[in-house]
Each structure stands twice: as structure tokens, then as C-alpha cells.
Amino acid sequence: MFEAHMRTPDGRIGEAYWFYVRRGEILVVVGDEGPRIPSSVESMLENPVTHVMGHLDDKWVFGVDVPLDLEGAPEGHEWTPLRQLYGKVPELHWTLAGRAEQLVNWGRTHQFCGRCAAATEPSPGERARLCPACGLLSYPRLSPATITIVTRGGAEEEVLLAHGRQFPGRFYSALAGFVEPGESLEECVVREIKEEVGIDVVDVQYFGSQPWPFPHSLMIGFRARYAGGDLVLQEEEIVDAGWYRADDLPPCPRGGMSIAGWLIEAWLKEQAAKA
Ligand SMILES: [Zn+2]
């Protein structure tokens, strides 16, 4: 089990998991049994910026900031884009890689105070950067977003799926959007669905959540019920949307790496259990 920590005890660290992060890529050891996260990387960097992440399997876990312009990899290693690493290393290692990526990016982009431009330093006792000149604290950046599947009907339900403009190819998914300041998660669900497809929903129910490090989202999944209105698409964002039966879904994620797939899979299981 992974336990989050911000610092290691004094003394020898021993073997560790080293998540080296460059440009959205993670350094892995290449092996016959597939890539794995290195437990030691000798002399790649002289004084790396290192983030203590926590402890896993009797090893400490670190994220290391590798300069963007550093080319090449140590012998037996290669750089793998974070998305492509999914399914090739244990799922927990993949989520830790995403955590490392977010911490490294936060560290890189908060070297200076956003209010007075003085150089920041680590804040004692918490994961934050402190401005010694004006006292402003900067915490790791997280952007919460809701993602929702809407259903309608009784014995035979239909699910609302949409083809977003930024999706590659003909691909449908749940509706998602960033939470605005001052808004509850439930209000965000209702607003986003109204904006994107023009309908009203009720009975907004929490499903689960997922950190999504592209680049720093926290996806919060919901189910909701259709309450009224016709589909009217917000054309800047949505190319197509429709109601689909479980046996007639368009190309969409089912399970897999994203909470959109988990939402759809859970709904499909419910429908199968009814049949
Ligand atoms: Zn300042």
C-alpha cells in the first residue's frame, strides 16, 4: 500500500522508486518483461530537484525533475510518455507516475511568487511553496472537473453520450467540464450538461473520482437522471450527442484507464443485471 509522505527520515534511503519526469515522460528500465520504474539511477543529474512522494513496498518513492532539454537516457532506460505507460506497469505505479508528473510540474511553475515575483521556497510542514517576501502560499495546482453520464427511461434505459470536438476520430464519452469558483460539484454537473447539450438533469449522484494528470485535473464522476428538454448542442464543444441503449453503443470507453470508461462499464453491468 502506498503511504504519502513529504519527507524521509534521516539516514540511508536504500532502494527506492525513482519517478524521473522530463517532458510529460517517465524514465523506465527496459526489460524482457516490459518496462519498470527504476530503483536506482546512477549519476544522471548532479543536483536534481527531488520531491518526496511517500513509501511503497518498503521503499521510498521520489519524483525527480529532469530538465526539459536533457536529451538521451542512461543505458538500459528509455523515456515513455505517461499515457503510453498505462497498462505496461502496475496500475499503482502508473498513478504514482502521474502524481510525480504533477508535483514536478508544480515545482517548475511556482519558483517565483505570483503576487510579488520574489523567489519562493518550500513551506515547512506542508506541500506548498512559500514567498519569503510577502507570505503568499502556493499549493500544488489541481483543477477539479465533473464527468457525468445521464440516463433516462425505466426498464430499458438509455445513456447520453457525446462526441466532443477535441476527441480523436468517431468517439463518444460522458460529458465533462471544469468546476467554476463558487460552484458546488452538483451545480457544476447541472450547468455543464445544460450548456453542452441543453437538457435539465436531476438526482445527481456521486460515483467516484480519479486524478487525471493531463495536466492537473481531478475528475469527479457522477450519474444523473434526465429531467427534460431537447438536445441542443453547444457547437464549439460538441459535434454530436445522442441517447443510446446498452446493446447499441457508439465507440466509447468501457473500463480501462479513465473514469469515463468506469462510468459506462458500471452502467452496462446494471443493464445486464436487469436483463
Ligand atoms: Zn510574494
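Whatever order the structure lists them in is the order used to number ligands and atoms, beginning at 1. Bear in mind the structure is a predicted one, so any value in this text is a computation, not a measurement. Residue indices begin at 1 and follow the sequence shown.
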Atom pairs and distances, side-chain donor-acceptor, residues 91-101, under 3.5 Å, sequence neighbours left out:
residue, atom, partner, partner atom, Å
E91, OE1, Y86, OH, 3.4
W94, NE1, L82, O, 2.7
T95, OG1, L92, O, 2.9
E101, OE2, N105, ND2, 2.8

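Between R152 atom CZ and I199 atom CD1 the span is 8.5 Å, to the nearest 0.5 Å.
Within the 3.5 Å criterion, the main-chain N or O of A73 finds no donor-acceptor partner in the side chain of H77. Using a distance-only test at 3.5 Å, with no hydrogens or angles considered, a donor-acceptor pair links the side chain of T120 to the main chain of Q111.
Panel detail: the Zn ion (ligand 1) has protein N, O or S atoms under 2.8 Å away, 4 in number.
The salt bridge (charged side-chain N to carboxylate O under 4.0 Å, His left out) pairs that include a residue from residues 124-141 number zero, where partners must be two or more places apart or lie in different chains. Within the structure, salt bridge (charged side-chain N to carboxylate O under 4.0 Å, His left out) pairs that include any residue of residues 217-228 comprise E157-R225, R223-E270 (at least two apart or interchain).
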